[in-house]
2 protein chains.
Amino acid sequence: MQVVAFDRSRNAAQQAHALLREWILTGKLRPGEGISEPSMATMLGISRTPVREVFKRLEAEGLVEIYPQIGTIIAPIDPNKVRDAQFVRETLEVRTIGLAALLGSSDQHRALKDILVRQKALVKARDVHGFMDADDALHEQLSVMAGHSFSWQVIAAAKAQLDRVRHLSLSDPSWLAMIYDEHCTIAEAVIARNEKRARAAMEVHQRSIFSAVERLTQQDPLLVKAVEQAGVPSLLFPAAKETKRGKRS
Amino acid sequence: MQVVAFDRSRNAAQQAHALLREWILTGKLRPGEGISEPSMATMLGISRTPVREVFKRLEAEGLVEIYPQIGTIIAPIDPNKVRDAQFVRETLEVRTIGLAALLGSSDQHRALKDILVRQKALVKARDVHGFMDADDALHEQLSVMAGHSFSWQVIAAAKAQLDRVRHLSLSDPSWLAMIYDEHCTIAEAVIARNEKRARAAMEVHQRSIFSAVERLTQQDPLLVKAVEQAGVPSLLFPAAKETKRGKRS
DNA sequence: AAGCGACAACTTGCATACAAGTATGCAATC
DNA sequence: GATTGCATACTTGTATGCAAGTTGTCGCTT
């Protein structure tokens with residue numbers, strides 16, 4: 001029960017959301033693990049209200065599942081949900097990259113290159129966290145270039161599901177280099193204003209996730225929601241810590 | 001300050017969310033109008049906590065804007081946001097309809113026809129609310145047929161933005177018949193398993209929104225967020241009701 | 001020993017009180 | 001008359017207490 005220090009002068013709920021989201025995406029909180037509002041509140045050094053707000057938001061993002069009067073768990077990997085997230089992201093980003101290739105200005109091309117330079121350094125430093133931030137920045141920049149900056153929010157929500165699977169499936173950060181290479185290919189095509197090649201490169205980039213779910217299903221089946229099993233939450237609390245259930249006073 | 005009766009045995013926040021969302025989409029709560037957690041709580045006969053939860057959720061859906069320590073307003077129509085919602089919805093639904101045409105089973109074809117029969121009656125009855133529900137049901141069914149049922153949630157969020165503009169722009173429900181006709185064309189193509197025709201019909205269906213924003217901009221400019229104006233919330237409270245600001249006791 | 005009932009501890013949902021910040025109207029002043 | 005300072009009532013953010021429901025364990029009964 002480690003207490004995390006927060007900046008009291010800034011919004012507690014936002015900070016807590018960013019933190020928990022990162023913990024879930026990076027696997028520090030594992031699928032199926034039980035969490036609760038009071039325990040998380042004391043852990044973060046805040047009250048239940050902002051924690052509750054964060055839980056609701058994470059539920060909307062598909063990262064936790066709340067069972068009223070029972071408990072809350074980190075959402076297990078649902079292959080169907082991942083498939084659909086992949087569908088949403090690929091569909092939007094492939095069309096986005098086409099527009100970005102057609103509409104991007106040379107200023108925006110420079111911004112793209114800057115991000116890639118930053119990413120190159122982060123790959124070398126094995127900084128997974130920083131790389132994922134830069135990854136988001138790059139894809140957001142592409143949405144801006146396509147003239148649909150708001151659609152990035154939709155893409156980001158879908159991307160979170162996929163990033164989580166990738167992180168759980170591949171603990172070794174060797175995939176950073178591969179993604180960086182794909183980014184370079186995409187950026188080249190965009191800067192060359194070659195719509196067709198950009199779309200093809202983006203498709204390759206997107207499809208590289210496919211195998212991760214299967215790998216995860218094999219190496220750690222407990223994290224994956226069985227297709228027929230509707231949901232038996234009580235069976236998914238293996239990480240119940242110092243519980244005091246049943247102990248008479 | 002009318003008090004709304006809630007079913008106390010069911011989730012208060014969910015009911016309140018459905019209600020407010022409908023009020024916003026149908027224009028009962030107009031863009032720019034100020035709302036507050038306490039006043040809405042007393043109006044709905046519940047406490048601030050579930051109301052606050054609803055406000056946060058509506059903010060995530062882009063239907064309200066929360067300014068801390070200042071107030072909350074029904075989100076003005078942001079042309080850029082509408083454009084991007086249109087982009088997201090069109091991109092996803094056109095690809096979805098193609099898959100639905102290829103993959104739909106005859107059982108699902110029957111379900112599609114059933115929805116259309118229901119819609120026909122609702123058009124005749126001028127039941128806008130019921131029609132919009134059936135509209136959602138139809139588009140959700142298409143997502144299911146395409147094998148991506150989860151993506152409906154994304155489409156629905158974008159669709160809300162567009163439905164709101166349509167409702168504000170066209171108070172006369174004559175557009176129901178037009179939409180119904182477009183639905184019939186789409187369904188025909190899907191049942192005929194004609195992917196290309198289905199996609200074309202869906203594109204037509206989607207593009208019919210475009211003119212609505214411009215019409216709204218002309219007929220009621222106050223509802224539309226000016227492009228250069230970053231956001232002056234205090235100026236957007238023309239509907240401040242029986243305020244007691246400044247009255248000494 | 002096996003089955004069953006009661007209870008304790010936990011969960012989230014809701015209500016309410018307090019805290020911090022902001023805008024508005026009034027009043028005093030220049 | 002215009003401006004500045006201040007009091008007041010509003011806003012959302014946070015903390016906490018209570019209520020309703022579920023689960024698992026203990027202990028009694030059979």
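Because only heavy atoms are used, hydrogens play no part in the values below, and waters and symmetry mates are left out as well, while side chains stay in. Quick note on labels: first sequence line is chain A, next is B, and so on, each numbered from 1.
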Can you check the [X] [atom1] to [N] [atom2] distance for me, whole Å?
X       : N      : atom1 : atom2 : result
B/Ile66 : C/dT22 : CD1   : P     : 17 Å
A/Glu33 : C/dT11 : CD    : C1'   : 16 Å
A/Glu37 : D/dT16 : CD    : C1'   : 13 Å

Does B/Asp135 have any side-chain hydrogen bond (donor to acceptor under 3.5 Å, both in side chains) partners at least two apart in sequence or in another chain, and if so, which?
-> B/His139, B/Lys159, B/His183
Check whether any side-chain N or O of B/Ser36 sits under 4.0 Å from OP1 or OP2 of D/dC10, and answer yes or no.
-> no
Could you work out, with salt bridge (charged side-chain N to carboxylate O under 4.0 Å, His left out) as the rule, every residue matching [X], not counting sequence neighbours?
X        : answer
A/Asp107 : A/Arg110
B/Arg89  : B/Glu93
B/Glu53  : A/Arg52, A/Lys56
A/Arg48  : A/Glu37

What is the nucleic acid contact for A/Ala13, judged by heavy atoms within less than 4.0 Å: base, sugar-phosphate only, or nothing?
-> sugar-phosphate
Minimum heavy-atom separation for A/Val51 to A/Ala41, with atom names?
-> CG2-CA, 3.7 Å
Go through residues 46-60 of chain A and report each residue with a non-hydrogen atom lying under 4.0 Å from DNA chain C, sorted by number.
-> A/Arg48, A/Arg52, A/Lys56
Report yes or no: is there a donor-acceptor pair, N or O only, under 3.5 Å between the side chain of A/Gln69 and the base of C/dT12?
-> yes
